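See structure below.
In this text, all values refer to a predicted model and were calculated from it rather than measured experimentally. Along the sequence shown, the residues carry numbers beginning at 1.
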Amino acid sequence: MSAQQLSDLIRFARHNSPFYRDLYASLPPDADRLTDLPVVDQQAFWAANSPLDGRVLTGPLSEATVYKTGGTTGSPKFSVYTRDEWRTFVTAFGQGLVDTGLRPGHRVADLFYAGELYASFLFVLDSLAHAPVDNVRLPISGGAPLESTIPTLRDLAAQVLAGTPTTLCRLAEQVVSAGVRLDSVELLLFGGEALFDDQRRLLATAFPRAEARSIGYASVDAGLLGHPVPGPDARVHRAFTPYSVVEILDDSTDEPITEPGRPGRVVVTSLFRRLMPIIRYPAGDRAEWTGTGPGHFRILGRAEEGVRVGPVSLYTQDAQAAVATADTEGHVVGMQLVVRRWDGRDGLVLRLAAAPGGQHGRDELAGAVVSRLERVRPLYPDSVRAGFVHPMAVEWVRHRDLAVNPRSGKLVRVLDERPTA
């Protein structure tokens, strides 16, 4: 299925989708540019998008595959693709796999998660099958026990491991702890989450011959977002022209940003999806244009990944930066923010995963991380002194102890363990 013209998509959605018909009701009939259209409100979009009687779809649900997604709003929602749309999706993404370093004959272990309507395992497997270079696909899945995964990787001499950073790191921790060698691994393709420097150190310890690269930027709700761009910065991608249009919008005005280096939120329009149109849909991430090539942009992280602790707003990017600054010797290989409530006050626990064998100097490192984060967020220590919140604490764990989404295998970066009535 070829990508259709934007104006045709707008007219089609406006005529056939009750949601888009209502959204565009006040616009002139000839509105055919993205900047003529409002950005989709996600809460309204998902409220209207029931899989059986939803108002977003442009026709009956008679031929499609239904996938479940957390979207960017937390609770699972449902995305649908016709067989032609899915073929376009995986074919375009598969073409981009060459930019990751995929070579003819590579043996690729698919360690993404499968089942429960989740798309990533099938999506990666189908994208590999539609890639323009021959490859050998090993459909292991991220839910398989490490005790069986490692022998399978060794016996089949897997050269490429594809999975979320959390899955790859859990595998790496087991490889290091067990003293296993997987010398055939030369490429680590991560997706679904950002890969941080602390995780890179663990992966390099377990797979010293392997390079970690982005598998590409896509989601089941937003669709195609970006090819990986070869180079030292795995965050840089380029838009999937002509299959989608990526915009970066000003946080306050929603005006399109065109100059390099100015952060904004990512909004995407899919030009090949007609059953469930995606037009100016917020992808849930922040990015900036790099100016290094046409359509090149750098992903900066989730748009609103943080938590409120008493009166204080804290963001995972702040905590990651504090760890990176304080941890000069690479002892930390993962992190979660945990919010708890006791004695009538909130408290923040930094759950830090230590590298295998790394025991020395934990107290000093924990103090340095907390001090750095408090300098970035001075309202926190001020709130401690005022009696509003408990002092920050550090909890040391193994990487395997970090909480993950049981369906996707992605690291849960913020755990809110406060009781709710």
Ring centre gap for [X] and [Y] strictly below 6.0 Å:
{"X": "H390", "Y": "W342", "value": "yes"}
{"X": "F123", "Y": "F93", "value": "yes"}
{"X": "Y281", "Y": "F45", "value": "yes"}
{"X": "F78", "Y": "W46", "value": "no"}

- Message: Under the criterion side chain to side chain contact (heavy atoms under 4.5 Å, CB included), I'd like the reasoning laid out for E63 against R83: C-alpha separation, chi angles, the key distance, then a yes or no.
- Response: CA-CA 8 Å; E63 196 294 303; R83 69 184 68 182; 3.1 Å; yes
Are [X] and [Y] close enough that a side-chain donor and a side-chain acceptor fall under 3.5 Å?
{"X": "N405", "Y": "Y113", "result": "no"}
{"X": "D155", "Y": "T152", "result": "no"}
{"X": "E186", "Y": "H106", "result": "yes"}
{"X": "D84", "Y": "T82", "result": "no"}
{"X": "D285", "Y": "Y217", "result": "yes"}

Say you draw a straight line from [atom1] of [X] to [atom2] of [Y]; how long is it, rounded to the nearest 0.5 Å?
{"X": "T241", "Y": "L224", "atom1": "OG1", "atom2": "CG", "result": "10.5 Å"}
{"X": "L203", "Y": "L161", "atom1": "CG", "atom2": "CG", "result": "9.5 Å"}
{"X": "L6", "Y": "L37", "atom1": "CG", "atom2": "CG", "result": "7.5 Å"}
{"X": "L337", "Y": "M392", "atom1": "CG", "atom2": "CE", "result": "9.0 Å"}
{"X": "F272", "Y": "T91", "atom1": "CZ", "atom2": "OG1", "result": "10.0 Å"}
{"X": "L34", "Y": "I279", "atom1": "CG", "atom2": "CD1", "result": "8.5 Å"}

- Can you check side chain to side chain contact (heavy atoms under 4.5 Å, CB included) on L188 and R213, steps first, answer last? CA-CA 6 Å; L188 305 170; R213 297 181 181 176; over 6 Å; no
- Message: As a quick check of understanding, evaluate salt bridge (Lys or Arg N to Asp or Glu O under 4.0 Å) for R400 and E173, giving each step before the final call.
- Response: CA-CA 8 Å; R400 71 190 72 175; E173 184 181 53; 3.4 Å; yes
- Task: Could you tell me which residues satisfy side chain to side chain contact (heavy atoms under 4.5 Å, CB included) with P132, sequence neighbours excluded, listed by chain and number?
- Result: V98
For residues [X] and [Y], report the shortest heavy-atom separation together with the two atoms involved.
{"X": "A158", "Y": "A109", "answer": "CB-CB, 4.4 Å"}
{"X": "L97", "Y": "L102", "answer": "O-CB, 3.4 Å"}
{"X": "A172", "Y": "F207", "answer": "CB-CE1, 3.9 Å"}
{"X": "C169", "Y": "L202", "answer": "O-CD2, 3.5 Å"}
{"X": "S214", "Y": "A234", "answer": "CB-O, 3.6 Å"}
{"X": "P18", "Y": "L57", "answer": "CD-O, 3.8 Å"}

- Message: side chain to side chain contact (heavy atoms under 4.5 Å, CB included), that's the test. Do M276 and S79 meet it? Break it down for me.
- Response: CA-CA 8 Å; M276 179 178 156; S79 290; 3.7 Å; yes
Would you confirm whether [X], through its side chain, and [Y], through its main-chain N or O, come within 3.5 Å as a donor-acceptor pair?
{"X": "D327", "Y": "V332", "answer": "yes"}
{"X": "Y20", "Y": "H15", "answer": "no"}
{"X": "T325", "Y": "A322", "answer": "no"}
{"X": "E85", "Y": "R274", "answer": "yes"}
{"X": "E417", "Y": "V338", "answer": "no"}
{"X": "W289", "Y": "I257", "answer": "yes"}
{"X": "R107", "Y": "L156", "answer": "yes"}
{"X": "T316", "Y": "R413", "answer": "no"}
{"X": "E288", "Y": "G264", "answer": "no"}
{"X": "R298", "Y": "A287", "answer": "no"}

- Between E395 and R340, does a salt bridge (Lys or Arg N to Asp or Glu O under 4.0 Å) hold up when you go through it step by step? CA-CA 13 Å; E395 179 181 287; R340 295 172 179 152; 3.4 Å; yes
- Message: Here's one to test your reading of the geometry: is the NZ or CZ of R273 within 45 degrees of the ring axis of Y81 and under 6.0 Å from its centre?
- Response: yes
- Taking it one step at a time, do L402 and T166 satisfy side chain to side chain contact (heavy atoms under 4.5 Å, CB included)? CA-CA 9 Å; L402 296 174; T166 303; over 6 Å; no
Pairing of [X] and [Y] as salt bridge, 4.0 angstrom limit:
{"X": "R265", "Y": "D254", "answer": "yes"}
{"X": "D346", "Y": "R418", "answer": "yes"}
{"X": "D126", "Y": "R87", "answer": "no"}
{"X": "E247", "Y": "R280", "answer": "yes"}
{"X": "R262", "Y": "D250", "answer": "yes"}
{"X": "D251", "Y": "R286", "answer": "yes"}

- List for me each residue that meets ring-ring contact (aromatic ring centres under 6.0 Å, His included) alongside F190, sequence neighbours excluded, and say none if there are none. none
- Kindly determine whether T167 and T164 satisfy side chain to side chain donor-acceptor pair (under 3.5 Å), including the steps that lead there. CA-CA 5 Å; T167 298; T164 67; 3.0 Å; yes
Do [X] and [Y] come close enough that some side-chain heavy atom pair is under 4.5 Å?
{"X": "Y380", "Y": "L373", "answer": "no"}
{"X": "F121", "Y": "P139", "answer": "yes"}
{"X": "L171", "Y": "I150", "answer": "yes"}
{"X": "V266", "Y": "L225", "answer": "yes"}

- Query: Given D32 and R11, is the salt bridge (Lys or Arg N to Asp or Glu O under 4.0 Å) satisfied, shown in steps?
  - Reply: CA-CA 8 Å; D32 61 0; R11 283 194 296 270; 5.5 Å; no
- With sequence neighbours excluded, residues passing salt bridge (charged side-chain N to carboxylate O under 4.0 Å, His left out) with E255: none
- Message: For the CZ atom on R21, are there more than 12 heavy atoms of other groups (residues, nucleotides or ligands in this structure) within a distance under 6.0 Å?
- Response: yes
- Item | Derivation of the ring pair (Phe, Tyr, Trp, His ring centres under 6.0 Å) call for Y67 and W86 | CA-CA 11 Å; Y67 296 103; W86 185 257; 4.7 Å; yes
